[in-house]
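A short write-up of the structure that comes next.
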Amino acid sequence: MKKFLKSILVVFSLATLVSCSEDDSKFSVDPQSGWAQFTTASQVNVAFGTTNEIVLPVRLFSAVNPGVDVMYTIEDVVGTSAGVLTSNPGMITIASGTLNGDLVLGLATEGLTSTIEFDVVLTATSRDNVQVGLSDDSKPIVRRVRICPFTFAASYTGVPTANLAAPAEGPAFSVNFTPTANDNEFSLTTCWGPNYVAFLTGNPAFNGAFPYPGTLSVDPTSGVVTVVAGAAYGTGGTGSMDACSGVITVTIGQGLFGSPFTTTVVFTPN
């Protein structure tokens, strides 16, 4: 039995050794060796005008760091980043004794009229014993960045949900976003749909009644959405806009029902 267990252990040890990559053996010899990578591979979506910089965290995996520079390039995918990126040094420094650094791109706050996309690619380091990523491509060295201006559709499909103990999703509806005299402000004939009250009460006699007209505005420096009710039974509300998808989400209050529940409405561009 002991010989059998010993054989299994030997086989397991050999399998473990075989599975080790050449990167692992190289790094184990030199404590200052290692690799640099992004902390995540997820795409970055930025609402243009809401920030003047983009920060992408970079991490060094090494036992000892006497200091290292990590180089990168910008590769345009959709449109051009020229004129939009105001600062692009092409290199970041991870200081001695630390393992983390921030890749910071300066960003203009005006002038963009259409969505752009680009990749930020880690390409090399200042030390021969520190590489970018691993040879099996298992570590993220590319980040996709999408920068979107606030643009609005002529009409949206809204889906209201009553925020009750058991949330109730009401019927979808279409509504025009009619521009007012103010920038990024729109007049809506209904904020929760013309038949929402009929749906909640179960009484079709209320179809078209209490539509909750209002004015919706978007702050382009924050993406915050404000709704001002145009009827006495509405109390208005706030929300946010995803500039890249165009989706607007607001939560509005009401004084029509005895229960002061709120309603969350998701507007998707038509």
Side-chain angles (χ1 to χ4, degrees), residues 21-151 220-223 242-246:
S21 70
E22 57 185 74
D23 296 316
D24 295 330
S25 59
K26 178 171 60 179
F27 299 149
S28 64
V29 174
D30 180 0
Q32 293 187 8
S33 65
W35 74 92
Q37 66 171 74
F38 286 117
T39 57
T40 177
S42 62
Q43 178 172 302
V44 179
N45 292 326
V46 179
F48 188 70
T50 61
T51 181
N52 61 5
E53 66 178 21
I54 300 170
V55 179
L56 306 175
V58 176
R59 180 169 175 80
L60 172 66
F61 286 83
S62 178
V64 179
N65 176 29
V68 64
D69 297 329
V70 182
M71 278 63 83
Y72 66 90
T73 59
I74 302 293
E75 299 180 1
D76 288 332
V77 177
V78 176
T80 176
S81 57
V84 178
L85 295 180
T86 59
S87 174
N88 172 26
M91 180 188 75
I92 71 163
T93 297
I94 301 179
S96 174
T98 66
L99 296 175
N100 297 288
D102 286 333
L103 192 162
V104 180
L105 302 173
L107 185 62
T109 55
E110 58 183 22
L112 184 67
T113 58
S114 60
T115 296
I116 65 169
E117 292 184 26
F118 56 84
D119 288 336
V120 184
V121 184
L122 303 183
T123 57
T125 79
S126 59
R127 291 181 17 223
D128 292 339
N129 57 354
V130 176
Q131 63 192 47
V132 290
L134 294 180
S135 58
D136 61 1
D137 297 324
S138 62
K139 305 303 178 183
I141 62 170
V142 179
R143 293 290 302 273
R144 174 68 55 86
V145 177
R146 190 179 188 199
I147 304 176
C148 312
F150 285 106
T151 57
T221 64
S222 64
D242 183 331
C244 288
S245 67

Could you tell me the separation between the [atom1] atom of [X] and the [atom2] atom of [Y], rounded to the nearest 0.5 Å?
X      : Y      : atom1 : atom2 : result
Thr125 : Met91  : OG1   : CE    : 11.5 Å
Leu60  : Gln32  : CG    : CD    : 10.5 Å
Gln37  : Ile141 : CD    : CD1   : 10.0 Å
Arg144 : Ser42  : CZ    : OG    : 12.5 Å
Glu117 : Asp119 : CD    : CG    : 8.5 Å
Asp137 : Ser135 : CG    : OG    : 8.0 Å

Candidate pair Val130 and Asn65, rule side-chain contact (heavy atoms from CB on, under 4.5 Å), full reasoning: CA-CA 10 Å; Val130 176; Asn65 176 29; over 6 Å; no
What pairs meet the ring-ring contact (aromatic ring centres under 6.0 Å, His included) rule with one or both residues in [range], with sequence neighbours excluded?
range           : value
residues 46-67  : Trp35-Phe61
residues 71-98  : none
residues 75-130 : none

Verdict with supporting geometry, Val78 and Ile116, side-chain contact (heavy atoms from CB on, under 4.5 Å): CA-CA 5 Å; Val78 176; Ile116 65 169; 5.7 Å; no
Residues in salt bridge (charged side-chain N to carboxylate O under 4.0 Å, His left out) with Asp242, at least two apart?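 With neighbours one apart ignored, the set is empty.
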Check side chain to side chain contact (heavy atoms under 4.5 Å, CB included) between Thr115 and all other residues, then give those that pass, not counting sequence neighbours.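 By the side chain to side chain contact (heavy atoms under 4.5 Å, CB included) rule, Thr115 matches Arg146, Cys148, Pro149.
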Which donor-acceptor pairs under 3.5 Å do the side chains of residues 98-112 make with protein atoms, sequence neighbours left out?
from: Thr98; atom 1: OG1; to: Ala95; atom 2: N; distance (Å): 3.4
from: Thr98; atom 1: OG1; to: Ala95; atom 2: O; distance (Å): 2.6
from: Asn100; atom 1: OD1; to: Arg59; atom 2: NH1; distance (Å): 3.3

Mind checking what makes side chain to side chain donor-acceptor pair (under 3.5 Å) contact with [X], not counting sequence neighbours?
X      : value
Thr113 : none
Ser138 : Asp136
Asp69  : Thr93
Ser81  : Asp76

Do the non-hydrogen side-chain atoms of Val44 and Leu56 ever get within less than 4.5 Å of each other?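 Touching, per the 4.5 Å side-chain cut-off.
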Do the non-hydrogen side-chain atoms of Thr39 and Val58 ever get within less than 4.5 Å of each other?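 When only atoms from C-beta onward are counted, Val58 and Thr39 do not touch, as no gap falls below 4.5 Å.
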At their closest point, which heavy atom of [X] faces which heavy atom of [Y], and how far apart are they?
X      : Y      : answer
Phe150 : Pro220 : CE1-O, 3.4 Å
Gly34  : Ser62  : CA-CB, 4.4 Å
Pro66  : Ser96  : O-CB, 3.4 Å
Thr80  : Val84  : O-CG2, 4.1 Å

Which disulfide bond (SG atoms under 2.5 Å apart) pairs, counting each pair once, include a residue from residues 100-131, with sequence neighbours left out?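 Output for this query is empty, none listed.
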Give every residue pair that meets the side chain to side chain donor-acceptor pair (under 3.5 Å) criterion with at least one member in residues 44-53, sequence neighbours excluded.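 Pairs touching residues 44-53 that pass the test: Gln43-Asn45.
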With side-chain contact (heavy atoms from CB on, under 4.5 Å) as the criterion, how do Thr40 and Arg143 come out once you've worked through the C-alpha distance, each side chain's angles and the decisive distance to 0.1 Å? CA-CA 8 Å; Thr40 177; Arg143 293 290 302 273; 3.4 Å; yes
